[in-house]
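Note: hydrogens, waters and symmetry copies are ignored here, and every other heavy atom, side chains too, is used. If you read the sequence from its start, that first residue is 1, and numbering goes on from there.
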Amino acid sequence: MSADAPVTSVCCTRGGRPAFVVNVEVFLERDGRWLLIRRGRQEAHAPGTLAGVGGKVEADDAGLDVLEETARREVAE
């Protein structure tokens, strides 16, 4: 990204520090079978392709095991 590139949106923490979006993706295999999803045709990234189960880390999940908690929540959903 160049110094001249415009910033279209900036996310910040409650303390004013820059924040980032974190995604978790899980690939589950049991007895030689895989649990996959097909991404929606309207998705901006890789529409219609197969992917693992996953989603974004939510602010309320920000504990020490945030990635594992997010992965478990997404699989349960």
Side-chain angles (χ1 to χ4, degrees):
M1 177 186 241
S2 73
D4 299 342
V7 175
T8 56
S9 68
V10 175
C11 295
C12 294
T13 65
R14 291 183 191 117
R17 294 180 307 183
F20 302 91
V21 174
V22 177
N23 289 302
V24 173
E25 192 165 359
V26 178
F27 291 87
L28 293 173
E29 182 268 338
R30 181 182 293 164
D31 299 327
R33 298 177 62 191
W34 292 86
L35 175 63
L36 300 172
I37 62 165
R38 182 170 304 278
R39 295 179 55 81
R41 295 274 178 210
Q42 76 284 0
E43 296 291 334
H45 174 73
T49 61
L50 293 176
V53 176
K56 293 183 177 93
V57 170
E58 295 178 2
D60 296 342
D61 291 342
L64 292 176
D65 297 324
V66 65
L67 297 179
E68 182 176 346
E69 291 167 11
T70 300
R72 289 181 183 277
R73 184 192 74 239
E74 291 297 332
V75 168
E77 288 177 3

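- With respect to the salt-bridge test (charged N to carboxylate O, under 4.0 angstrom), the residues E69 and R73 do not qualify.
- Nearest heavy atoms, N23 versus K56: OD1-CG, 3.0 Å.
- Linking ILVMFWY side-chain heavy atoms closer than 4.5 Å, directly or via other members, places L35 and I37 in a single hydrophobic cluster.
- Identified under the salt bridge (charged side-chain N to carboxylate O under 4.0 Å, His left out) test for residues 36-50, with sequence neighbours left out: R39-E43.
- Within the structure, salt bridge (charged side-chain N to carboxylate O under 4.0 Å, His left out) pairs that include any residue of residues 19-36 do not occur (at least two apart or interchain).
- Under the side-chain contact (heavy atoms from CB on, under 4.5 Å) criterion, V26 pairs with V24, L28, A71, V75, not counting sequence neighbours.
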